[in-house]
Amino acid sequence: MKNYFCFILHKFYFPKNIFMIKNLVIVESPAKAKTIEKFLGSDYTVRSCFGHIRDLSKKDLGVDINNGFIPKYEIPEDKAKMVSELKKMAKESQVVWLASDEDREGEAISWHLSEALELAKGKIKRIAFHEITKTAILEAISNPRQINIDLVDAQQARRVLDRLVGYELSPLLWKKIRPSLSAGRVQSVAVRLIVDRENEINNFTPVSFYKGSAIFSFIKDKKTYKIKAELSRKFNTPGDAMAFLKKCIGAEFKVKDIETKPARKSPAPPFTTSTLQQEASRKLSFSVSKTMMIAQQLYESGKITYMRTDSVNLSNMALAMAKKEIESFYGPGYVKIRNYTTKSKGAQEAHEAIRPTYINSHVVEGTNDQKKLYELIWKRTIASQMSDAELEKTNVTIESPSIQDYFVATGEVIKFDGFLKVYFESSDEEEEEQKGLLPPVAKGDIMNPEEINVVERFTQQPPRYTEASLVKKLEELGIGRPSTYAPTISTIQKREYVITSTKEGTERKYQYLSLIKDKILETQKLETVGFEKSKLFPTDVGTLVNNFLIQNFENILDYNFTASVEKEFDEIAEGKKAWNQMIKEFYHPFHVQVSETEKTSKKVSGVKLLGVHPETQKNIYAKLGKFGGMLQLGENTDEEKPRFVGLLKGQSIETITLQEALSLLSFPKLVGKYLGEEVVAGLGRFGPYIRHKGKFYSLKKTDNPLTLTIERAKEIIEEKIQKIENSTIKEFSANPDIRVLKGRFGPYISIGKMNYKIPKDMIPEDLTAEECLMIAEKSPKKEVAKKTPARKAVAKKTTKKTTKKTTTKTKSAKKTVAKKASVKKPATKKATIKKTKTSTK
DNA sequence: CAGTGAGCGAGCTTCCGCTTGACTT
């Protein structure tokens, strides 16, 4: 009753008050909005704008290059509704607090908001939160400022530069190499790193050397101990190694010296996006995009702080929580509060490091992947505030008067575990042998050489990049941002510049010399080298595009290009330079480069003469075709048409040999007979296949058509027949075209090449052929046919759009629906994870 | 799906950084 009264009073006494909202706060992320609203109380309404709300026009260059490079900004279709809602709310508000992140992009978001929402200057208060805690937020509110237009200009320069580079280079690639390719400041350098590394590997010749070691035994208090020691020097030739062993025959060894040194290890800083991706890759074998997807889930459910950050900083509140946790779980001796400083180039530090929201939650509810990632984040955060580990390193030197060199045995003992109690950071390099405690040796002890070995070792080729190590490298170079590492990696794979693949190792012989009981044994052993799992390999297109770009745009492909333009962006941000002046100085020479290259450079096909076919005497070429690398046998003239064969997975124009080419050209060939009929292996449009009784069977990725046996062929045939049988619910002998099948989304009807949904009230097992035909006739496909030709043209356009959208990123306007269905969200997410998994595999 | 790759020409592709979305053949 009282409320009702108030309402009436309000209505009659303040009719002219048009402000329904006192304070409108706009942040970037909806999850952030939710938390902040709790801290601010009822006078504040918090909304999110979902990142950038305007961008350069998509279909053209979006920059007026003849008029001071004025950008043409548009509100993207999927943001229009949200922006108009914000605009309406802003009109009804007394104050609009623009609380986007405090970095270049965030400042620009605030500026775009002020423009798009038509906010009067006096109504705007610009604030920024570095951490989402009540004190930080209240402090931000009490220190508002205006939009920093210099910083906005630096962002405009960044945006326009990227557009100009991307939209001028890409069309050049369409003309010179093939359609739909792309180039850009970030992606092209990422590809270059991978191609450069591949070249290093191809040009690498391993050099062998010889490494000595020994196992000594000694007796102390009637007990026999053994100790392993490494020789202090390496040998270059087997002769030197042999000469050394000969000297060791009959030699007497004793302990010359024991040296003990204390050592310390410090914990790694808390996670940033890039280090989280690296550790999740090494420790959990997550791909970069999987890590980000799971981190997003944890963030949205309020379990961790924001996951796209380059900062290693923790809030005071987090430090206090960490201290309390460490004290109560491990004791006060384990606490050491540390302030880490960010070292990476171009870091903008708009957020905290990635940490648990509540550090007292050691585990979380959720999927297994969420639990694992959370645990990793929790441990890393806690460890970062723990004391150093204290170690003791011991070196025992063992020598003999008959040899110049000496052996060293090393041991490592942990005196105080400190942060190691919780977390150990892994590295990309091969793990060193765990060193433990040494047996009780003393200076002057006589050491018995049980065996002295010299092993041939080889210098190692540089490793190929993993997704995560590529991110690490990009971050070191200051290229890309936390929000773009994962998308960049998927872009270069989508363009087929790079593939993630596993390379089987090759066998290599090495020498093993062993001195046991005064006798030297010489043996040859085999080892597997060069095995690389889930690494990034350049494709032929990737290599050709990269070579083309380096040849013509070395300045853009330079590893330091981003760093040098970043310097200029900084000058703009400091108000020392006009942004369009900087763009002008860049664009004019760049544009000349583009048009020169367009005129002078020829179309790139990467054609390479491999040799002559011994039977036909025709030339064999390797070159880039529409669908990737291929072989061409014979010339392409009016009189004769050449034969074409696609290359197999793992083969490339760069590295294919004449031998390999000849075996590809020997297809199709007979594998053997099965059930009285020939099994023929061939190389088809979709890769290698086998044919049997007129039916085709694809080979698995792991199958090599060159070495396929008839036994394996039988397996493949049987497996496929089995699979079809398993997925068939019903067949009709009268009409073999109609089948009821089990699919990914449940049962469906297949007639010829068309598929139809089964109505919910019908049982798939009970369907008759007639019913199937009826369902087919009634199916929604008819609706499309019903459309008039005039509408068809429009429909065509929209369907094209939607199919395109579903293949890339599905965006829809069903925001409210999605929000309401948020309880069901995890399930749908799972489904999409599965989907992407199967499609990438 | 299944041994592609002609030639013509219309119409399309493309960047980097902020954010989250999502329901089927």
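First the proteins, then the strands, lettered A, B, ... as listed; each starts at 1.
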- Tell me what A:Ala108 touches on the nucleic acid: a base, only sugar-phosphate, or nothing, going by heavy atoms under 4.0 Å. nothing
- Message: Classify A:Arg178 by what it touches in the nucleic acid, base, sugar-phosphate, or nothing, heavy-atom distance under 4.0 Å.
- Response: nothing
- Query: So, is A:Arg691 close to the B:dG3 phosphate, meaning a side-chain N or O under 4.0 Å from OP1 or OP2?
  - Reply: no
- Task: Would you please name every residue forming a side-chain contact (heavy atoms from CB on, under 4.5 Å) with A:Lys649, sequence neighbours left out?
- Result: A:Lys701
- Item | Nucleotide B:dT14, atom C1' - distance to CG of A:Leu56 in whole Å | 13 Å
- Look at all strands and tell whether A:Gln187 reaches a base, only sugar-phosphate, or nothing, counting heavy atoms closer than 4.0 Å. sugar-phosphate
- Query: Base, sugar-phosphate, or nothing for A:Ser29, non-hydrogen atoms under 4.0 angstrom?
  - Reply: sugar-phosphate
- Item | Which residues share a side-chain contact (heavy atoms from CB on, under 4.5 Å) with A:Tyr621, sequence neighbours left out | A:Val607, A:Leu609, A:Asn619, A:Gln632, A:Glu635
- Query: Rounded to whole angstroms, how far apart are CE on A:Met82 and P on B:dG21?
  - Reply: 12 Å
- At under 4.0 Å between heavy atoms, what does A:Leu181 touch on the DNA or RNA strands: base, sugar-phosphate, or nothing? sugar-phosphate
- Item | Residues that A:Phe129 engages under ring-ring contact (aromatic ring centres under 6.0 Å, His included), provided they are two or more places apart | none
Enumerate the protein-to-nucleotides 5-7 of chain B contacts in which both atoms are nitrogen or oxygen and the separation is below 3.5 Å.
| residue | atom | partner | partner atom | Å |
| --- | --- | --- | --- | --- |
| B:dG5 | O6 | A:Gly646 | N | 3.4 |
| B:dG5 | N2 | A:Phe627 | N | 2.9 |

Check nucleotides 8-10 of chain B against the protein and report each pair of N or O atoms closer than 3.5 Å, with its distance, or say if there are none.
none

- Message: Taking any heavy-atom pair under 4.0 Å as a contact, classify A:Ser698: base, sugar-phosphate, or nothing.
- Response: base
- Query: NA contact type, A:Tyr306, heavy-atom cut-off 4.0 Å: base, sugar-phosphate, or nothing?
  - Reply: sugar-phosphate
- Please indicate yes or no: is the ring centre of A:Trp174 less than 5.5 Å from the centre of the six-membered base ring of B:dT14, with the two planes inclined by under 30 degrees? no
- Item | Any A:Arg495 side-chain N or O less than 4.0 Å from OP1/OP2 of B:dC15 | yes
- Message: Restricting to salt bridge (Lys or Arg N to Asp or Glu O under 4.0 Å), what partner residues turn up for A:Asp162, sequence neighbours left out?
- Response: A:Arg158, A:Arg185
- Looking at every strand, decide which applies to A:Ser182 at a 4.0 Å heavy-atom threshold: base, sugar-phosphate, or nothing. sugar-phosphate
- Query: Heavy-atom distance under 4.5 Å between the side chains of A:Ile109 and A:Asp101, does that happen here?
  - Reply: no
- Item | Partner residues of A:Arg163 under the salt bridge (Lys or Arg N to Asp or Glu O under 4.0 Å) criterion, sequence neighbours left out | none
- Query: Could you give the CD1-to-P distance, from A:Ile65 to B:dC15, as a whole number of Å?
  - Reply: 19 Å
- Give the nucleotide from the list B:dC18, B:dC15, B:dC16 with an atom nearest to the side chain of A:Arg185. B:dC16
- Look at all strands and tell whether A:Lys59 reaches a base, only sugar-phosphate, or nothing, counting heavy atoms closer than 4.0 Å. base
- Item | Set of side-chain contact (heavy atoms from CB on, under 4.5 Å) partners for A:Arg178, sequence neighbours left out | A:Leu181, A:Glu496, A:Val541
- Between A:Ser182 and A:Arg495, is any side-chain donor less than 3.5 angstrom from a side-chain acceptor? yes
- Message: If I take atom OH from residue A:Tyr485 and atom CZ from residue A:Arg308, how far apart are they, to the nearest 0.5 angstrom?
- Response: 13.0 Å
- Query: Can we say A:Lys58 and A:Glu77 salt-bridge, meaning some charged N sits less than 4.0 Å from an Asp/Glu carboxylate O?
  - Reply: no
- Going by the salt bridge (Lys or Arg N to Asp or Glu O under 4.0 Å) test, which pairs reach into residues 167-177 of chain A, not counting sequence neighbours? A:Lys175-A:Glu598
- Task: For A:Val186, report the nucleic acid contact type (base, sugar-phosphate, nothing); a contact means any heavy atom under 4.0 Å.
- Result: sugar-phosphate
- Task: Quick one: label A:Gly184 by what it contacts on the DNA or RNA (base, sugar-phosphate, nothing), any heavy atom closer than 4.0 Å.
- Result: sugar-phosphate
- Message: At 4.0 Å (heavy atoms only), tell me whether A:Thr491 reaches a base, stays on the sugar-phosphate, or touches nothing.
- Response: sugar-phosphate
- Whole angstrom is fine here: how far is it from CD1 in A:Ile492 over to C1' in B:dC15? 15 Å
- Message: Using the side-chain heavy atoms of A:Asp101, tell me which of these nucleotides is nearest: B:dC18, B:dT14, B:dG17.
- Response: B:dC18
- Query: What does A:Arg104 touch in the nucleic acid at a heavy-atom separation under 4.0 angstrom: a base, only the sugar-phosphate, or nothing?
  - Reply: nothing
- Atom pair distance, as rounded to whole Å: NZ in A:Lys58 and C1' in B:dG17: 12 Å
- Specify the residue among A:Phe696 and A:Tyr167 whose closest nucleotide of DNA chain B lies further upstream toward the 5′ end. A:Phe696
- Atom NZ of A:Lys720 and atom P of B:dA2 are separated, to the nearest Å, by 11 Å
- Nearest whole angstrom, please: distance from the C1' of B:dA2 to the CD1 of A:Ile690. 13 Å
- Any stems for DNA chain B, made of 3 or more Watson-Crick or G-U pairs in a row, each with both distances under 3.5 Å? none
- Phosphate-side-chain proximity, A:Thr484 and B:dG17, N/O vs OP1/OP2 below 4.0 Å: yes
- Find the distance A:Asp162:CG to B:dC18:P and express it as a whole number of Å. 11 Å
- Query: Taking the side chain of A:Ser180 as heavy atoms from C-beta outward, which of B:dT19, B:dC16, B:dT13 is closest to it?
  - Reply: B:dT13
- Electrostatic pair A:Lys623:A:Asp540 at N-O distance under 4.0 angstrom: no
- Select base, sugar-phosphate, or nothing to describe what A:Arg481 touches, counting heavy atoms under 4.0 Å on all strands. sugar-phosphate
- For the pair A:Tyr73 and A:His112, name the ring-plane relationship: parallel under 30°, tilted 30 to 60°, perpendicular over 60°. perpendicular
- Task: Can you sort out the partners of A:Glu475 under side-chain hydrogen bond (donor to acceptor under 3.5 Å, both in side chains), two or more places apart, ordered by chain and number?
- Result: A:Ser274
- Message: Quick check: any donor-acceptor pair below 3.5 Å linking the side-chain of A:Arg308 to the base of B:dC18?
- Response: no
- Listed partners of A:Val189 passing side-chain contact (heavy atoms from CB on, under 4.5 Å), at least two apart: A:Ile479, A:Tyr559
- Choosing from B:dT19, B:dC16, B:dG3, which nucleotide comes nearest the side chain of A:Arg159? B:dC16
